[in-house]
Amino acid sequence: LNVYGAGFAIHLQAQARAHDRLAEISYLPDLARLEWHWHAVYYAPNDPSFDAAGFSALAAEGRAERARFRLSGALRLLASNFPVRDIWQRHRDGNDTSAVAMGDGDRLAIRRIGFRPNVEAVETDTFRLLSALSQGTDLGTIAADGLAVEQIPRLIEERWIVGFTAGEDRSTGH
């Protein structure tokens, strides 16, 4: 899994185009992504603590809007059009063979809590915020885009966000 796991979902997608039988289970690549994320989160190194004093100093200097938050290395995000969490959980437990309701798909956070990876559904507004943070979007842009910035303190406290960079000074290029 360590050698080929990261690319397995892409391989499954390509194979589904060539094999009708795989096309019938079109959720399989997302299921492979979920399993890979679970694996990566399990083996991710521990994160440093959030530098609250450093962020307070940045805010006191009026530079907080340029801050870019860093998500935990033991956190992965997965958006799927399928209920992959339920499918994954039922197969993982091995004892629930009932049908899974398709619904609207999943927005998931796979993160390590203690020493164990956890797969949890995430509200759409939280998922959008986390996605923007994972792409390096600065705080000012996130706020201007109307994303749920009020969740940031909770995400820091719960160690979803573990750091920040000061960002560029737009007026001087630093």
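Source: prediction; values computed, not measured. Just the heavy atoms: all of them, side chains too, but no hydrogens, waters or symmetry mates, feed the values below.
- Side-chain atoms of Arg107 and Arg128, non-hydrogen and from C-beta on, never get closer than 4.5 Å to each other.
- Closest of all the heavy-atom pairs between Asp106 and Pro83 is OD2-C, 3.2 Å.
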Criterion side chain to side chain contact (heavy atoms under 4.5 Å, CB included) on Asp125 and Leu147, from CA distance to verdict: CA-CA 7 Å; Asp125 60 337; Leu147 298 179; over 6 Å; no

Yes or no on side chain to side chain contact (heavy atoms under 4.5 Å, CB included) for Leu155 and Leu130, after CA distance, side-chain angles and deciding distance? CA-CA 9 Å; Leu155 295 173; Leu130 290 167; 4.0 Å; yes

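- Under a cut-off of 6.0 angstrom, the local environment of CD in Glu157 is sparse, with at most 12 non-hydrogen atoms contributed by other residues, nucleotides or ligands.
- For the pair Glu120 and Arg111, the salt-bridge criterion is met [side-chain N within less than 4.0 Å of a carboxylate O].
- The shortest distance between side-chain heavy atoms of Val149 and Ile152 falls below 4.5 Å.
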Report all side-chain donor-acceptor pairs from residues 69-79 shorter than 3.5 Å, counting only partners two or more places apart or in another chain.
unit_1, atom_1, unit_2, atom_2, d
Ser72, OG, Asp47, OD2, 2.4
Ser72, OG, Ala74, N, 2.9
Arg76, NH1, Gly73, O, 2.5

Please list, one pair per line, the donor and acceptor atoms closer than 3.5 Å that link side chains of residues 160-167 to other protein atoms, with sequence neighbours excluded.
unit_1, atom_1, unit_2, atom_2, d
Trp160, NE1, Glu158, OE1, 3.2

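- When side chains are defined from C-beta on, Gln151 counts as touching Thr126, because their heavy atoms get closer than 4.5 Å.
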Show, in sequence, the C-alpha distance, side-chain angles and deciding distance for Glu35 and Trp88, and conclude whether the side chain to side chain contact (heavy atoms under 4.5 Å, CB included) test is met. CA-CA 8 Å; Glu35 190 67 31; Trp88 179 79; 2.6 Å; yes

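- Considering only heavy atoms from C-beta on, Leu108 stays 4.5 Å or farther from Val122 through its side chain.
- Linking Ile, Leu, Val, Met, Phe, Trp and Tyr whenever their side-chain heavy atoms come within less than 4.5 Å puts Phe82 and Val119 in one cluster.
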Passes side chain to side chain contact (heavy atoms under 4.5 Å, CB included), Arg159 versus Ile113? Steps please. CA-CA 9 Å; Arg159 299 192 48 75; Ile113 300 173; over 6 Å; no

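- A heavy-atom distance below 4.5 Å is found between the side chains of Leu58 and Phe55.
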